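The structure under discussion appears below in the form of structure tokens.
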Amino acid sequence: MIRIEQDGRLRRITLASPETRNFLDEDGCQRLFDEIRDGIADTNTGAILLEAEGPVFCSGARPAEGCDLFTIGRRMTKPLVISAQGVVISGGVAILANAHVALAAQGTSFGITEMREHRWSVPIYEALAHAIGARRALELGLTGRIFSTPDALTWGLIHQAAPAFELADRASDVAFALSQADANAVRDAFGSR
């Protein structure tokens with residue numbers, strides 16, 4: 001389940017299936033992609049905040065062939081802020097890697113673990129490599145090891161770490177400030193990438 005709220009010029013998208021650890025199957029991935037795309041197209045939206053209910057941000061995501069969820073951040077013209085907590089695994093890491101500003105709670109664990117299941121996901125690897133570099137992403141993918149919030153911060157997967165009790169407020173503050181930025185200046189920023 002995905003919940004949408006419009007808070008002035010801020011569109012809040014919440015992964016709201018804590019009972020499945022916010023795992024996104026093909027339909028869930030497509031719905032999330034569509035909601036982000038709708039936020040980009042909406043002239044009343046200045047920024048998008050993606051967050052999750054429960055102790056796990058996202059335990060995985062498996063988009064259908066042709067769904068561009070794992071690369072959407074590269075084509076956006078509005079800021080995407082992602083707030084993650086608890087556990088971020090595989091497809092969840094690929095989604096997080098698309099954030100223009102990523103925050104995580106202290107103590108969050110991350111990993112791309114497909115190799116443990118005897119498979120390799122090119123889209124997940126490419127999303128992570130785009131965010132932190134190919135060499136580090138390959139090592140993480142090959143070993144399937146779990147890494148920490150300090151590692152994610154050092155490597156640039158996230159930009160800020162916060163105590164869990166402060167995460168929601170801090171992410172909201174960042175996203176709200178970005179939603180109020182001058183639209184033309186934001187377009188120029190994205191056009192210069």
Side-chain angles (χ1 to χ4, degrees), residues 1-18 20-54 56-85 88 91-105 123-124 126-128 130-131 156-160 162 166-193:
M1 180 177 153
I2 295 173
R3 191 173 62 250
I4 311 300
E5 297 172 70
Q6 192 71 29
D7 182 6
R9 290 184 47 76
L10 177 61
R11 179 163 298 198
R12 294 176 179 273
I13 302 175
T14 305
L15 306 180
S17 298
T20 65
R21 297 166 52 94
N22 292 312
F23 179 83
L24 293 169
D25 60 12
E26 289 186 7
D27 290 342
C29 285
Q30 187 63 54
R31 171 98 196 278
L32 178 56
F33 175 80
D34 291 343
E35 293 296 349
I36 293 172
R37 189 184 56 197
D38 289 351
I40 297 166
D42 182 3
T43 57
N44 294 316
T45 296
I48 298 166
L49 172 60
L50 175 61
E51 50 198 354
E53 283 184 4
V56 172
F57 172 72
C58 183
S59 63
R62 298 214 175 119
E65 187 93 19
C67 178
D68 294 327
L69 180 62
F70 292 167
T71 59
I72 195 166
R74 296 178 220 170
R75 294 181 310 283
M76 290 180 69
T77 54
K78 294 179 180 174
L80 173 63
V81 177
I82 298 181
S83 170
Q85 76 282 351
V88 186
V93 170
I95 293 168
L96 181 64
N98 277 270
H100 303 114
V101 181
L103 300 90
I124 291 172
E126 288 180 343
L128 184 59
H130 185 77
L157 179 61
I158 63 170
H159 304 100
Q160 295 182 39
E166 286 182 11
L167 181 66
D169 288 342
R170 206 180 283 188
S172 290
D173 289 348
V174 169
F176 183 77
L178 290 172
S179 76
Q180 302 304 304
D182 180 81
N184 291 325
V186 169
R187 258 192 309 277
D188 289 346
F190 281 97
S192 67
R193 289 184 298 170

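Predicted model only: the values in this text are computed from it and were never measured.
- Taking each heavy atom of H159 and A99 in turn, the nearest pair found is CE1-O, 4.3 Å.
- Taking both residues in full, the closest heavy atoms of N98 and G73 are given as OD1-N, 2.8 Å, listed atom of the first, atom of the second, then distance.
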Chi angles and distances behind the side chain to side chain contact (heavy atoms under 4.5 Å, CB included) call for I124, V93: CA-CA 8 Å; I124 291 172; V93 170; 5.5 Å; no
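- Across R74 and A127, no two heavy atoms sit closer than the pair NH2-CA, 3.8 Å.
- Remark: D173 pairs with no residue by the side-chain contact (heavy atoms from CB on, under 4.5 Å) rule, at least two apart or across chains.
- The two residues P79 and V186 come nearest to each other via the heavy atoms CD-CG1, 3.9 Å.
- When side chains are defined from C-beta on, E53 counts as touching R3, because their heavy atoms get closer than 4.5 Å.
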Which side-chain N or O atoms in residues 59-66 pair as donor and acceptor under 3.5 Å with protein atoms at least two apart or in another chain?
unit_1, atom_1, unit_2, atom_2, d
S59, OG, R21, O, 3.2

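- Here the closest heavy-atom approach between residue T45 and residue I48 is recorded as CG2-CG1, 4.2 Å.
- With a 4.5 Å cut-off on side-chain heavy atoms, L49 and D7 do not count as touching.
- Shown here for I72 and R37, the closest heavy-atom pair between the two residues is CD1-N, 4.4 Å.
- Partners of H100 under the ring pair (Phe, Tyr, Trp, His ring centres under 6.0 Å) rule, at least two apart in sequence or in another chain, are F190.
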